[in-house]
Amino acid sequence: MAPAAAPRTGRMTMIRVSAFRWVPPIVQGLVRDLRVRWALEEAGLPYEEFLISLGPEHQRTPEYFAMQPFGQVPAYDEDGLVMFESGAIVLHIAERSEILMPTDPVGRARAQSWMFAALSSIEPFIVNLAEVDVFSPNEEWAKLRRPGVVAMAQKRLQELSTSLGDKEYLEGRFTVGDLLMSTVLRILRGTDILEQFPNLAAYRGRCEARPAFEKALAAQLAPFAANAPPAANATA
Ligand SMILES: N[C@@H](CCC(=O)N[C@@H](CS)C(=O)NCC(=O)O)C(=O)O
């Protein structure tokens, strides 16, 4: 069965974002539609979610692959403009919001640099650790690999910590670069690694205290609570 499409009504821009109907508690609050929801909330753009199930029923259908070539969440549909990759979607949204994207050329370029830094210089190292801790915690190879993975993540975080210094945000003011960076740092929850860098832990907390983040997180979690299988208690 194809994902249920939100009905298209009226003449206003209709934005639809894919999200999972339910995921295990260990990844609740981390699924990458959170970034898109947060950007939309910061930009004040209304949207509708369309929920898909993991697996063959929705996620791995030709209809969904046509929206997201890898069958992943999030996919984004804005009046027929279909996008995938959370970074690209968030950039697209940020172009319409001074809260997310400075208007001066230098500020824009710097914010975009931090977006790419979050996704290509920090996230891969943190995801390597999540693969060990979340997806393969009991595998022998994971136990052997973990110290090296932790050391690499710590190295990048030390460099990020030095760059942030005592600033509130990476460029002094909040930008879309902070939105992506803090969602990447969030993947480290459940470890004590971020706490080894007090300015980064405080930075993540500052970003997540934004009302738009809180609204986005609540919106992602609501379906998980509603659709939890009988044995699973949703927490985040
Ligand atoms: N680079 C992609 C990654 C998307 C991604 O990894 N999505 C995960 C959820 S956070 C997913 O759909 N996983 C299920 C799968 O890969 O089958 C993006 O940033 O949008």
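Because the structure is a prediction, the values reported are computed rather than measured. For ligands, and for the atoms within them, numbers begin at 1 and follow the listed sequence.
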One line per pair, note the atom names and distance for all nitrogen or oxygen contacts under 3.5 Å between ligand 1 and the protein.
{"from": "ligand 1", "atom 1": "1 (N)", "to": "Glu85", "atom 2": "OE1", "distance (Å)": "2.7"}
{"from": "ligand 1", "atom 1": "1 (N)", "to": "Glu85", "atom 2": "OE2", "distance (Å)": "3.4"}
{"from": "ligand 1", "atom 1": "6 (O)", "to": "Arg32", "atom 2": "NH1", "distance (Å)": "3.2"}
{"from": "ligand 1", "atom 1": "6 (O)", "to": "Gln72", "atom 2": "NE2", "distance (Å)": "3.3"}
{"from": "ligand 1", "atom 1": "7 (N)", "to": "Val73", "atom 2": "O", "distance (Å)": "2.8"}
{"from": "ligand 1", "atom 1": "12 (O)", "to": "Val73", "atom 2": "N", "distance (Å)": "2.9"}
{"from": "ligand 1", "atom 1": "16 (O)", "to": "Gln72", "atom 2": "NE2", "distance (Å)": "3.0"}
{"from": "ligand 1", "atom 1": "17 (O)", "to": "Gln59", "atom 2": "NE2", "distance (Å)": "2.8"}
{"from": "ligand 1", "atom 1": "19 (O)", "to": "Ser86", "atom 2": "N", "distance (Å)": "3.4"}
{"from": "ligand 1", "atom 1": "19 (O)", "to": "Ser86", "atom 2": "OG", "distance (Å)": "2.6"}
{"from": "ligand 1", "atom 1": "20 (O)", "to": "Ser86", "atom 2": "N", "distance (Å)": "2.8"}

Under 3.5 Å, which donor-acceptor pairs link side chains of residues 113-121 to any protein atom two or more places apart or in another chain?
{"from": "Ser113", "atom 1": "OG", "to": "Ala109", "atom 2": "O", "distance (Å)": "2.9"}
{"from": "Trp114", "atom 1": "NE1", "to": "Glu171", "atom 2": "OE2", "distance (Å)": "2.8"}
{"from": "Ser120", "atom 1": "OG", "to": "Phe116", "atom 2": "O", "distance (Å)": "2.7"}

Do any side-chain atoms of residues 143-152 form donor-acceptor pairs under 3.5 angstrom with protein atoms, and if so which ones, sequence neighbours left out?
{"from": "Arg146", "atom 1": "NE", "to": "Asp133", "atom 2": "OD1", "distance (Å)": "2.7"}
{"from": "Arg146", "atom 1": "NH2", "to": "Asp133", "atom 2": "OD2", "distance (Å)": "3.0"}

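Salt bridge present: Glu159 and Lys155 bring a charged side-chain N and a carboxylate O closer than 4.0 Å. With salt bridges taken as basic N to acidic carboxylate O contacts below 4.0 Å, none links Glu195 and Arg189. Under the 4.0 Å criterion applied to side-chain N and carboxylate O atoms, Glu41 and Lys215 are assigned as salt-bridge partners.
Phe213 pairs by the ring pair (Phe, Tyr, Trp, His ring centres under 6.0 Å) definition with Trp38, not counting sequence neighbours.
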